[in-house]
Amino acid sequence: MVRKVNHSLLDNAKVQKKDEFYTQLSDIERELQYYKKHFKNKTVFCNCDDVKVSNFYKYFVEHFEELGLKRLICACYKKNEPDLFSKTESAFYYEYTGKEKKYPAKKDVSFFKGDGDFRSKESIELLKKADIVVTNPPFSLFREFVSQLDEFNKKFLIISNINAITYKEVFALIKENKVWMGVNMGRGISGFIVPDHYELYGLETKINEAGERIISPNNCMWLTNLDNAQRHEFIPLTKEYCGNESAYPRFDNYNAINVNKTQDIPMDYKGIMGVPITFLHRFNPDQFKIIKFRKGDDDRDLAINGKPTYFRILIQGC
């Protein structure tokens with residue numbers, strides 16, 4: 001059965017700046033299995049995480065020796081309106097090297113002088129000490145978050161709304177092959193824990209055995225610059241352009257053909273093609289190169305017979 005998608009949940013989070021979407025441990029485990037080799041002797045920073053409730057912290061502290069980590073830093077900011085996920089009156093951080101308590105008491109943590117926001121000077125000083133950032137950043141501040149990681153040249157694995165692909169700041173990094181989609185997306189991310197004041201509506205909501213409220217918007221992805229074997233798998237091409245030209249109309253404002261589905265990319269066409277943004281989940285930089293996003297030669301949306309298409313990525317075989 002196809003899951004009905006309620007995009008309004010995370011879209012509203014961006015507009016209303018409600019960012020309390022907490023990642024389930026099962027989703028973290030499902031994605032992190034593909035990157036374990038990257039963590040040996042590295043410092044991981046979970047810079048949007050309360051050590052008391054963060055499943056990112058729980059994953060890394062419980063797999064600390066297995067991954068060969070050097071240090072784990074977990075930091076949370078002070079919210080104006082504390083809820084069950086923000087039980088502290090002050091922002092704080094905790095550093096774990098394998099010798100400290102895995103799950104600290106209040107007396108064991110270090111308190112920020114400020115609010116602990118990832119953009120604060122204090123948090124940036126911790127960021128400078130880190131090799132890899134792994135977290136679920138605020139959706140409403142996603143552009144700023146990614147720009148900061150790029151500015152400080154950090155490796156990362158983070159969760160975002162799939163629409164983040166269309167942000168010019170993010171797509172520029174994707175085009176330069178500096179950032180790519182992770183392994184799991186959509187249904188591969190089973191849902192987020194939300195506070196009591198979030199409305200549960202739609203078909204994909206539940207309360208689990210622990211009493212946690214779960215929503216499954218089905219429109220999220222992992223974004224990373226950590227390499228994995230899956231992104232180098234070649235997309236099998238079985239379609240032919242020659243003899244089926246009518247199935248691949250040309251754009252009015254760019255010399256390229258339109259391909260409606262990744263699986264329909266023709267194996268015998270050497271020119272530029274416009275493919276849907278979901279192509280990026282299968283994008284292999286050894287097989288294709290990205291030319292540009294969405295716009296034609298006239299800097300307007302790509303169109304066919306005067307009608308704009310949905311967002312297209314222009315690609316060409318290597």
| side chain to side chain donor-acceptor pair (under 3.5 Å) between Asp49 and Asn47, worked out | CA-CA 6 Å; Asp49 297 82; Asn47 55 348; over 6 Å; no
Answer yes or no: does atom [atom1] of [X] have more than 12 heavy-atom neighbours from other residues, nucleotides or ligands under 6.0 Å?
X      : atom1 : answer
Lys42  : NZ    : yes
Arg119 : CZ    : yes
Lys295 : NZ    : yes
Lys292 : NZ    : yes
Asp286 : CG    : yes
Lys154 : NZ    : yes
Glu65  : CD    : no

Side chain to side chain donor-acceptor pair (under 3.5 Å) for Asp227 and His232? Distances and angles first, verdict last.
CA-CA 9 Å; Asp227 206 4; His232 295 285; 3.0 Å; yes
**Item:** Check: Phe39 ring centroid to Phe60 ring centroid under 6.0 Å
**Value:** yes
Residues at least two apart in sequence or cross-chain that pass side-chain hydrogen bond (donor to acceptor under 3.5 Å, both in side chains) with Asn225, listed by chain then number, are none
Check ring pair (Phe, Tyr, Trp, His ring centres under 6.0 Å) between [X] and all other residues, then give those that pass, not counting sequence neighbours.
X      : answer
Phe145 : Phe118
Tyr94  : none
Phe279 : Phe283, Phe288
Phe293 : Phe171, Phe311

Exercise for the section: Could you tell me whether Asp131 and Lys155 make a salt bridge, using a distance below 4.0 angstrom between a side-chain N and a carboxylate O? Expected result: no
- Less than 4.0 Å between a side-chain N and a carboxylate O, is that true for Glu95 and Arg71? yes
Here the gap from Met185 atom CE to Met181 atom CE, rounded to the nearest 0.5 Å, amounts to 4.0 Å
Can you tell if the side chain of Ser190 reaches within under 4.5 Å of the side chain of Ser26, non-hydrogen atoms only?
-> yes
Heavy-atom side-chain proximity of Lys121 to Ile124 below 4.5 angstrom:
no
Practice prompt. Show your reasoning for whether side chain to side chain donor-acceptor pair (under 3.5 Å) applies to Asp298 and Asn253.
Written response: CA-CA 7 Å; Asp298 55 1; Asn253 50 348; 3.0 Å; yes
For Arg282, the salt bridge (Lys or Arg N to Asp or Glu O under 4.0 Å) test, sequence neighbours excluded, returns none
task = Would you sort out whether Asn255 and Arg250 count as a side chain to side chain donor-acceptor pair (under 3.5 Å), showing the intermediate values?
result = CA-CA 7 Å; Asn255 184 22; Arg250 291 190 170 274; 3.0 Å; yes
Just by distance, do the side chain of Asn244 and the backbone of Tyr241 share a donor-acceptor pair under 3.5 Å? no
